[in-house]
Amino acid sequence: VDTAMRQAAIDLLTYIQKTDLPSRQEWERLPAAAKAFLMEVYDSGIWDPDFFAKRQKLESADIGKMPLSDVYTYFTAIIATERTFSGFYEQKAYDGTLEKLLVRYLELTKEENS
C-alpha cells in the first residue's frame with residue numbers, strides 16, 4: 001500500500017470531518033489536504049481511465065461493500081469530474097460520498113499495513 005496515499009486519505013478525512021459545518025468557507029482554492037489527495041489520485045498509480053463507463057454503477061453501489069478497485073475508480077471519477085464541474089470535489093466531500101469512500105479505503109488498506 002502506498003503510504004503517501006494512505007496519509008493523504010487520512011488527512012482529507014480529518015479535514016472533512018473537522019470542517020463539515022454550515023459556516024465553512026467554500027473551497028475557492030483547494031485546501032492543502034484536498035490538494036494532496038488529488039495529487040495522490042493522479043500520481044499513485046490508481047487512476048482508472050475507464051471510470052466514466054463505470055461511474056453510474058458505482059454511484060448506486062454500497063460503498064461499505066466495495067472492493068478496493070471500485071474505490072479507486074470512484075476516487076478517479078470524483079477528481080476527473082472536478083476538472084469539468086468545479087465544486088464537484090467539494091460537493092462529494094460534504095454530501096458524505098467521499099467520507100464513506102475514504103473510510104472504506106482505509107479499512108481495505110489497513111490489513112496490508114499491519
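When a residue number appears, it is its place in the shown sequence, counting from 1.
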Salt bridge (charged side-chain N to carboxylate O under 4.0 Å, His left out), that's the test. Do Glu107 and Lys110 meet it? Break it down for me. CA-CA 5 Å; Glu107 286 171 358; Lys110 182 178 183 184; over 6 Å; no
Going through the distances and angles, do Val41 and Met5 end up as a side-chain contact (heavy atoms from CB on, under 4.5 Å)? CA-CA 8 Å; Val41 171; Met5 176 70 180; 4.2 Å; yes
Audit row: Tyr15, Asp11, side-chain contact (heavy atoms from CB on, under 4.5 Å) steps and yes/no: CA-CA 6 Å; Tyr15 182 84; Asp11 292 347; over 6 Å; no
Could you give me the CA-CA distance, side-chain angles and deciding distance for Arg24 and Tyr94, then say whether side-chain contact (heavy atoms from CB on, under 4.5 Å) is met? CA-CA 11 Å; Arg24 75 172 173 272; Tyr94 295 108; 3.3 Å; yes
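If you take CG on Leu38 and OH on Tyr42, they are separated by 5.0 Å, rounding to the nearest 0.5 Å. Taken to the nearest 0.5 Å, the NZ atom of Lys35 stands 13.5 Å off from the CD atom of Glu40. Here Gln91 contributes atom CD and Leu98 contributes atom CG; the two are 11.5 Å apart, rounded to the nearest 0.5 Å. The structure places CZ of Phe75 at 8.5 Å from CG of Leu68, a figure rounded to the nearest 0.5 Å. We find the CD1-CG distance between Ile63 and Leu58 to be 9.0 Å, quoted to the nearest 0.5 Å. Here the OG1-CG distance, from Thr76 to Asp50, works out to 10.0 Å after rounding to the nearest 0.5 Å.
Between Ser44 and Asp2, the closest heavy-atom pair is CB-OD2, 3.4 Å. Closest approach of Ala61 to Met66, counting heavy atoms only: CB-CE, 3.9 Å. The nearest pair of heavy atoms linking Leu106 to Arg6 is O-NH1, 3.2 Å. Here the closest non-hydrogen pair linking Glu90 and Glu82 is N-OE1, 4.5 Å.
When atom types are taken as modelled, the side chain of Arg55 and the backbone of Tyr74 share no donor-acceptor pair closer than 3.5 angstrom. At distances below 3.5 Å, not a single donor-acceptor pair connects side-chain atoms of Thr81 with backbone N or O atoms of Ile78. Side-chain atoms of Glu99 do not come within 3.5 Å of backbone N or O of Ile16 as any donor-acceptor pair.
Looking only at side-chain heavy atoms (C-beta outward), Val71 and Leu102 stay at 4.5 Å or farther from each other. Gln7 places none of its side-chain heavy atoms less than 4.5 Å from the side chain of Thr3.
Ring centroids of Phe51 and Tyr72 are separated by 6.0 Å or more, keeping the two rings apart.
In terms of the side-chain contact (heavy atoms from CB on, under 4.5 Å) criterion, residue partners of Asp62 (sequence neighbours excluded) are, by chain and number, Lys65. Partners of Tyr89 under the ring pair (Phe, Tyr, Trp, His ring centres under 6.0 Å) rule, at least two apart in sequence or in another chain, are Trp27.
Crowding of Glu28 atom CD: a count of heavy atoms from other residues, nucleotides or ligands under 6.0 Å not exceeding 12. In this structure, Phe52 places its CZ atom where only 12 or fewer heavy-atom neighbours from other residues, nucleotides or ligands lie under 6.0 Å away. Atom NZ of Lys100 has 12 or fewer heavy atoms from other residues, nucleotides or ligands within 6.0 Å.
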